[in-house]
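What you see is a predicted model; the values in this text were computed from it and never measured.
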Amino acid sequence: MSEFKSDFLHTLHERGFIHQTSDNAGLDALFNKETVTAYIGFDPTAPSLHAGGLIQIMMLHWMQATGHQPISLMGGGTGMVGDPSFKDEARQLMMPETIASNIVSIKSVFSNYLTYGDGPKDALMINNADWLLGINYLEFLRDVGRHFSVNRMLAFDSVKTRLDREQSLSFLEFNYMILQAYDFVELYKRTGCRLQMGGSDQWGNIINGIDLGHRMGTPQLYALTSPLLTTSSGAKMGKSVNGAIWLNPDMMSAYDFWQYWRNTEDADVSRFLKLYTTLPMGEIARLSQLAGTEINEVKKILATEITATLHGRAAAEEAAETARKTFEEGALAANLPSIDVPTAELEGGIGVLALFVRAGLAESNGKVRQFLKDGAVRLNDAVVSDDRQVIGTGDVTPDGVIKLSLGKKKHILVRPA
């Protein structure tokens, strides 16, 4: 039974989003009393967020769904420094143009989960570059920096772990936690924001912001963190053997995104239904009771629901149908992921190793060789065992494509162009 009376915290609690809060009772009372504004920060380190960040976006979704105002804070300023929390080494510094380009690309994903606008409960998209880039350094040191104890900052796990390993922590990175703390205070001034949310690795940074707010005269601010998720087998969420599971559709197709969730481990299905879909809890409870071969049908529901929110219902159902035709009927579905290869190249022939790497089915020639030994490499559904085999125009099927397969679930069509 949830200890929370407010709709938002009750929802987050029963769906498994809450790892820690700074004050359960105080935060619950705040949500029961007024419309609360809360934010999560997203640093633009790539042109897209990946599935590991989806839990944060869903927390913002539930903020709005329960009648409160979420802020997606883009780190246009903090992105120039890079969050050092629990990192072994400094992030590579990005040029301002790259940061700006990444932010534009990332923004497109949020509108699938949040409604933006000018109303009191409409979501806000804010960039911390709006205030951080114009800071007067000496004034900032005097007005903000004086509230920070270096002794305390050195004691944070995120910093201490790095120093204990005798890994360098630059002064630039050391400033990140001050800038993030200042974001919280600045957002309170601008929007009345009282809550910062994030992954559990952000706890120290968020508490810093609460403490700074207290010293700079804000009302009580609050922290809420979600658990850092791994799959039941210990794999990091948002990653696969072929790299990150990107949220932007131009970086990962709806079909590949659907397949990632379809391949969820049995032990994770119920948890992922709660975290990543908006299905009612009663329906999730019913689906969670299914076992044996029926759990595969639940995985399809999981994959379709998550994909529908991000890519649209039509794209999700098309992905599900493509998978059904490919795996259950053995048919060659025309809307499988594909790559174009110039006909001239195919006429000359391309080595199987090079083509599988080019198609994104493996990271290197060595990986393809290993898959060949395991009998996992197929050309037009026929097993390939020779790492010197050449693929060319003679392998084009009557459908006008060459089908490359890795195992039973990864397929790419090569289209002569």
Side-chain angles (χ1 to χ4, degrees), residues 11-12 15-17 40-65 70-74 102-117 122-123 125 197 199 226 229 231 235-240 242-264 268-280 283-284 287 298-324 333 335-338 360 409-410:
T11 298
L12 256 59
R15 298 185 87 98
F17 284 96
I40 297 177
F42 299 88
D43 273 347
T45 54
S48 171
L49 301 175
H50 61 68
L54 195 52
I55 186 172
Q56 313 301 333
I57 300 175
M58 291 302 295
M59 290 166 76
L60 293 176
H61 166 82
W62 287 114
M63 271 285 297
Q64 191 166 46
I71 297 174
S72 46
L73 180 69
M74 308 309 295
N102 286 351
I103 287 176
V104 170
S105 180
I106 288 170
K107 279 182 177 181
S108 62
V109 165
F110 285 90
S111 58
N112 297 301
Y113 300 87
L114 302 171
T115 301
Y116 290 93
D122 285 336
M125 177 81 73
M197 302 186 290
S226 61
L229 285 185
T231 65
K236 193 173 182 180
M237 280 302 300
K239 302 284 178 127
S240 73
N242 292 325
I245 306 302
W246 300 110
L247 301 185
N248 279 44
D250 57 340
M251 294 178 67
M252 173 164 269
S253 70
Y255 176 82
D256 285 337
F257 188 76
W258 188 93
Q259 274 295 331
Y260 171 75
W261 297 103
R262 166 63 182 84
N263 293 334
T264 294
D268 292 325
V269 171
S270 179
R271 182 170 54 136
F272 288 180
L273 283 168
K274 294 175 186 175
L275 291 171
Y276 297 116
T277 80
T278 56
L279 290 174
E283 175 66 2
I284 292 174
L287 293 172
V298 181
K299 290 180 184 181
K300 293 174 189 175
I301 293 171
L302 172 72
T304 300
E305 290 301 312
I306 300 175
T307 305
T309 305
L310 181 62
H311 291 271
R313 180 67 59 180
E317 290 178 353
E318 183 179 281
E321 179 62 10
T322 297
R324 188 187 69 78
N335 52 353
L336 281 171
S338 65
K409 295 182 178 179
K410 295 184 183 297

- Query: Between Val109 and Leu49, is a side-chain contact (heavy atoms from CB on, under 4.5 Å) present by the stated rule, with each step listed?
  - Reply: CA-CA 8 Å; Val109 165; Leu49 301 175; 5.6 Å; no
- prompt: Do the side chain of Lys299 and the main chain of Thr264 share a donor and acceptor less than 3.5 angstrom apart?
  reply: yes
So which heavy atom on [X] is nearest to which on [Y], and how close?
{"X": "Leu275", "Y": "Met58", "value": "O-CG, 3.5 Å"}
{"X": "Pro44", "Y": "Asn102", "value": "O-ND2, 3.0 Å"}
{"X": "Ile55", "Y": "Ser226", "value": "CD1-CB, 4.0 Å"}
{"X": "Leu287", "Y": "Val298", "value": "O-CG2, 3.8 Å"}
{"X": "Ala323", "Y": "Trp258", "value": "CB-CZ3, 3.5 Å"}
{"X": "Ala51", "Y": "Tyr260", "value": "CB-CE2, 4.5 Å"}

Query raised in the report: After noting the C-alpha distance and the side-chain angles of Tyr255 and Thr307, does the key distance pass the side-chain contact (heavy atoms from CB on, under 4.5 Å) rule?
Result: CA-CA 9 Å; Tyr255 176 82; Thr307 305; over 6 Å; no
Is there side-chain contact between [X] and [Y], with heavy atoms separated by less than 4.5 Å?
{"X": "Asn248", "Y": "Pro47", "result": "no"}
{"X": "Leu12", "Y": "Met59", "result": "yes"}
{"X": "Phe42", "Y": "Gln56", "result": "yes"}
{"X": "Thr278", "Y": "Trp62", "result": "yes"}
{"X": "Pro249", "Y": "Phe257", "result": "no"}
{"X": "Ile301", "Y": "Thr277", "result": "no"}
{"X": "Phe17", "Y": "Thr11", "result": "no"}
{"X": "Ile245", "Y": "Leu54", "result": "no"}

Quick check for you: to the nearest 0.5 Å, what is the distance between [X] atom [atom1] and [Y] atom [atom2]?
{"X": "Ser253", "Y": "Glu318", "atom1": "OG", "atom2": "CD", "result": "10.0 Å"}
{"X": "Trp261", "Y": "Asp256", "atom1": "CH2", "atom2": "CG", "result": "14.0 Å"}
{"X": "Asp268", "Y": "Asn263", "atom1": "CG", "atom2": "CG", "result": "12.0 Å"}
{"X": "Ser72", "Y": "Ile106", "atom1": "OG", "atom2": "CD1", "result": "10.5 Å"}
{"X": "Leu279", "Y": "Arg15", "atom1": "CG", "atom2": "CZ", "result": "7.5 Å"}
{"X": "Ser105", "Y": "Met251", "atom1": "OG", "atom2": "CE", "result": "7.0 Å"}

Q. Should Met63 and Met197 be marked as a side-chain contact (heavy atoms from CB on, under 4.5 Å) after you check the CA-CA gap, both sets of side-chain angles, and the distance that decides it?
A. CA-CA 11 Å; Met63 271 285 297; Met197 302 186 290; 3.8 Å; yes
Inset, instruction - Go through the steps to decide whether Gln64 and Thr115 satisfy the test side-chain contact (heavy atoms from CB on, under 4.5 Å), and finish with yes or no. - result: CA-CA 8 Å; Gln64 191 166 46; Thr115 301; 3.9 Å; yes
Using a strict 4.0 Å threshold on nitrogen-to-oxygen distance, state whether Glu305 and Lys300 make a salt bridge. no
* To do: Indicate whether the side chain of Thr309 and that of Tyr276 have a donor and an acceptor atom separated by less than 3.5 Å.
  => no
